[in-house]
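The block underneath contains the structure these notes are about, expressed in structure tokens.
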Amino acid sequence: MNDFYLRVYEVVQQIPYGKVCTYGDIAAFLGAKSSSRLVGYAMNYAHHYDSNIPAHRVVNRNGMLTGKFHFETPTLMQQLLENEGFIIEKDSIQDFDNKRWYPDSLLEEI
DNA sequence: TCACTGACGGGGC
DNA sequence: CGCCCCGCCAGTG
């Protein structure tokens, strides 16, 4: 566990209800554009750090639920997202572009 | 100790 | 277009 992971978790916890973010966006925001893979790895390990991290709100650049098999059940990630109003078909979030949230918006709030 | 494995993404071909 | 390759680096056996 290092600082990069902790910062990933902090960003993920800022994702608003009803919005999603991508691994790449988080990596780029933390100044590690080429380390999007590590963001995914951090999510895999997230529950060891804090079980309240909304890992289901992080998907890949195409809006697909690539991490669904790492939840308690393979359908949990989709269920959580549907509870927040998302429409999902074949592991893909519909109207993805309009549901995205970007970490830069944290800077605008200041 | 070392090799292998990924919740990714961009670039080359 | 689609497919392949590579940077990235903490865990695991």
Side-chain angles (χ1 to χ4, degrees):
Chain A
M1 188 68 62
N2 56 39
D3 189 60
F4 180 79
Y5 277 53
L6 296 179
R7 296 212 284 156
V8 168
Y9 298 145
E10 285 178 15
V11 174
V12 173
Q13 287 176 322
Q14 306 305 317
I15 303 175
Y17 181 97
K19 291 286 183 180
V20 287
C21 191
T22 72
Y23 303 97
D25 288 339
I26 295 172
F29 178 71
L30 294 178
K33 189 177 180 181
S34 62
S35 298
S36 52
R37 196 172 187 180
L38 296 186
V39 176
Y41 197 86
M43 287 302 97
N44 185 18
Y45 208 72
H47 63 284
H48 282 272
Y49 171 72
D50 184 343
S51 56
N52 292 318
I53 295 172
H56 62 283
R57 297 193 190 127
V58 185
V59 296
N60 78 354
R61 61 170 165 175
N62 300 127
M64 298 183 71
L65 282 52
T66 51
K68 57 182 283 191
F69 295 111
H70 295 269
F71 286 78
E72 291 183 28
T73 68
T75 57
L76 181 58
M77 185 177 188
Q78 179 170 338
Q79 289 173 359
L80 290 172
L81 289 171
E82 289 176 338
N83 288 341
E84 298 191 14
F86 292 95
I87 298 173
I88 299 168
E89 280 185 29
K90 296 180 178 178
D91 294 343
S92 189
I93 295 178
Q94 305 302 298
D95 199 24
F96 178 54
D97 290 342
N98 291 321
K99 300 273 188 175
R100 284 181 75 167
W101 172 86
Y102 298 90
D104 331 344
S105 54
L106 288 176
L107 302 179
E108 298 173 4
E109 295 176 1
I110 300 175

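Worth saying up front: this structure is predicted, and the values here are computed from it rather than measured. Just so you know, these numbers use all the heavy atoms, side chains as well, and skip hydrogens, waters and symmetry mates. Order of the sequence lines sets the chain letters (A, B, ...), proteins ahead of strands, with each chain counted from 1.
C:dG11 atom P lies 13 Å from atom CZ of A:F4, rounded to whole Å. One can place CD1 of A:I26 at 14 Å from C1' of B:dG9, the figure rounded to the nearest angstrom. The distance between atom CG of A:L30 and atom C1' of C:dC8, rounded to the nearest whole Å, is 14 Å. Following rounding to the nearest Å, A:M64 (CE) and B:dG9 (P) show an atom-to-atom distance of 12 Å. In this structure, CG of A:N44 is placed 15 Å from P of C:dA10, rounded to the nearest angstrom. Between A:H47 atom NE2 and C:dG11 atom C1' there is a gap of 12 Å when expressed in whole angstrom units. One can place CG of A:L81 at 18 Å from P of B:dA7, the figure rounded to the nearest angstrom. To the nearest angstrom, C1' of B:dC8 lies 18 Å from NZ of A:K68.
Within the 4.0 angstrom heavy-atom criterion, no nucleotide atom of any strand lies near A:F69. Contact annotation for A:N60: backbone-only contact, meaning every heavy-atom pair under 4.0 Å involves sugar-phosphate atoms and none involves a base. Across all strands, A:A32 comes closer than 4.0 Å to no nucleic acid atom at all (heavy-atom distances).
Projected onto DNA chain C by closest heavy-atom contact, A:S34 and A:Y41 fall at different nucleotides, the more 5' of which corresponds to A:S34. Nearest-nucleotide positions on DNA chain C place A:S36 closer to the 5' end than the other of A:S36 and A:H48. Map A:V58 and A:K33 each onto its nearest nucleotide of DNA chain B; the residue landing nearer the 5' end is A:V58. Heavy-atom nearest nucleotides on DNA chain B were determined for A:R61 and for A:L38, and the one closer to the 5' end corresponds to A:L38.
Looking at A:S35, its side chain has no donor and acceptor atom pair within 3.5 Å of the base of C:dC8. Between the side chain of A:R37 and the base of B:dG9, no donor-acceptor pair of N or O atoms lies under 3.5 Å.
A:L80 and A:I15 fall into different hydrophobic clusters, where Ile, Leu, Val, Met, Phe, Trp and Tyr are joined by side-chain heavy atoms under 4.5 Å apart, directly or via other members.
One finds the CE atom of A:M43 at 8.0 Å from the OH atom of A:Y23 (value rounded to the nearest 0.5 Å).
A:R57 and A:E84 are joined by a salt bridge, as a carboxylate oxygen and a charged side-chain nitrogen come within less than 4.0 angstrom of each other. Between A:R100 and A:D25 a salt bridge is recorded (basic side-chain N to carboxylate O distance below 4.0 Å). Checked for salt-bridge contact, A:K99 and A:D95 miss the test: no charged N lies under 4.0 Å from a carboxylate O.
Taking 4.0 angstrom as the limit, A:N2 places a side-chain polar atom (N or O) nearer than this to OP1 or OP2 of C:dA10.
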